[in-house]
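Working notes for the structure below.
Being a predicted model, the structure only gives us computed values, none of them experimental. Note that these values count all heavy atoms, side chains included, but never hydrogens, waters or copies made by symmetry.
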Amino acid sequence: MNGLNKKRGVRLKHECKVKVRASETDALGHVSNISYFIYLEEARIEMFKDLGELLDMESWPFILASTSCDFKQQAYFDEVMTIRTYVSKMGNSSFHLRHKFVNERGLIAEGTAIMVYFDFNKQKTTSIPDSVRQKLEPYIEENVVQGKR
C-alpha cells in the first residue's frame, strides 16, 4: 500500500510498502544489497505518481544524479518494509531525497537520492517549475537548510 502521509501542522513523508520476494534475497538468506536500490526506485516513482507528476517516459523530467544506501540490519524473505521518503534539500534545479526503511524490528536501512530536473530535448538541467516545487515543499524535513544547485 502506497500513499501520502497527510497530517496538518507536521511535515509530510511519503510511505511505500514493499514485501520482500524470494528472488530479492541472496545465498545468505537476506535481502541482496542491489534489491534496496530497486526498492528506492519504486519509492521514488510511487511518490511522483502520488504527487501527480507525469510518468510518461516521453516527458519524464527527472534524472537520478546520485544514490546511496546504508544498511543498518538485515531484512529477510517475506518481510514487509515501509520506505519513508522525505525531501532533505531543495535547490534551483535539483532536490535531495532521504529514505528510511523500517519494519517491526526498527530501522533496516537509510538511502539517499539526488534528483535533477532535466530538459531531455536541450540535454541540460533546468529550474524546477514552481508547480513541482510547491508539491515537494511540504515534504522538506524540518531544520534543513535550502541550497542552490
Just so I know, are the side chains of Glu24 and Tyr39 near enough to count as touching, which here means a heavy-atom distance under 4.5 Å? yes

With Lys19 via salt bridge (Lys or Arg N to Asp or Glu O under 4.0 Å) - residues at least two apart: Asp78

With a 3.5 Å distance limit and no angle check, can you tell me whether Glu46 reaches the backbone of Ala43 through a side-chain donor-acceptor pair? no

How long is the straight-line distance from CD1 of Ile63 back to OG1 of Thr125, given to the nearest 0.5 Å? 8.0 Å

Which atom of Arg21 lies closest to which atom of Phe77, heavy atoms considered: C-CD1, 3.7 Å

Pair Arg44 + Glu41, salt bridge at N-O below 4.0 Å: no

Check whether Ile83 and Phe37 end up in the same hydrophobic cluster, where Ile, Leu, Val, Met, Phe, Trp and Tyr are linked by side-chain heavy atoms less than 4.5 Å apart. yes

Interatomic distance, Phe71 atom CZ to Asn33 atom CG [nearest 0.5 angstrom]: 4.0 Å

Locate the shortest heavy-atom distance separating Ile128 from Phe95; write the atom from each residue and the value. CD1-CD2, 3.8 Å

Non-hydrogen side-chain atoms of Thr67 and Leu40 separated by less than 4.5 Å: yes

When clusters are formed by joining ILVMFWY residues with side-chain heavy atoms under 4.5 Å apart, either directly or through shared neighbours, do Val20 and Phe101 land in the same one? yes

Once side chain to side chain donor-acceptor pair (under 3.5 Å) is applied, do any residues pair with Arg84, and if so which ones, sequence neighbours excluded? Glu15

Nearest heavy-atom pair of Lys135 and Pro138: which atoms, and what distance? O-CD, 3.4 Å

For the pair Ser94 (side chain) and Gly91 (backbone), establish whether a donor and an acceptor sit closer than 3.5 Å, ignoring hydrogens and angles. no

Hey, are the side chains of Glu42 and Val18 touching, using non-hydrogen atoms and a 4.5 Å cut-off? yes

Across all chains, not counting sequence neighbours, the side-chain contact (heavy atoms from CB on, under 4.5 Å) partners of Gln73 are Arg105, Ile108

Side chain to side chain, Tyr117 and Val132, heavy atoms closer than 4.5 Å: yes

Just by distance, do the side chain of Thr25 and the backbone of Val31 share a donor-acceptor pair under 3.5 Å? no

Verify side chain to side chain donor-acceptor pair (under 3.5 Å) between His96 and Ser88, making sure each step is shown before the conclusion. CA-CA 5 Å; His96 297 214; Ser88 61; 4.8 Å; no

Shortest non-hydrogen contact between Ala75 and Met81, atoms and distance: CB-SD, 3.8 Å

With no hydrogens and no angle check, is any side-chain donor or acceptor of Glu79 less than 3.5 Å from a backbone partner on Tyr76? yes

Gln123 side chain vs Phe120 backbone, donor-acceptor pair below 3.5 Å: yes

Atom pair NZ/OG1 of Lys100 and Thr82 - distance to nearest 0.5 Å: 13.0 Å

Test log, rule side chain to side chain donor-acceptor pair (under 3.5 Å), inputs Asp119 and Thr126: CA-CA 6 Å; Asp119 183 327; Thr126 187; 5.7 Å; no

How about Phe118 and Phe62: are their ring centres within less than 6.0 Å of each other? no

Would you call the rings of Phe48 and Trp60 parallel, tilted or perpendicular, where under 30° means parallel and over 60° means perpendicular? perpendicular

Across all chains, not counting sequence neighbours, the salt bridge (Lys or Arg N to Asp or Glu O under 4.0 Å) partners of Arg98 are Glu110, Glu141

Could you tell me which non-hydrogen atom of Tyr139 sits nearest to which non-hydrogen atom of Met47, and how far apart they are? CG-CE, 3.9 Å

Hey, could you give me the CG/NE2 distance between Leu51 and His14, rounded to the nearest 0.5 Å? 7.0 Å

Heavy atoms only: give me the nearest Met115-Leu64 pair and the separation to one decimal. SD-CD1, 3.7 Å

Considering residues at least two apart in sequence or located in another chain, which fulfil the side chain to side chain donor-acceptor pair (under 3.5 Å) criterion with Ser68? Thr112

Other than Leu107, which residues form its hydrophobic cluster under the rule that side-chain heavy atoms must be closer than 4.5 Å? Val102

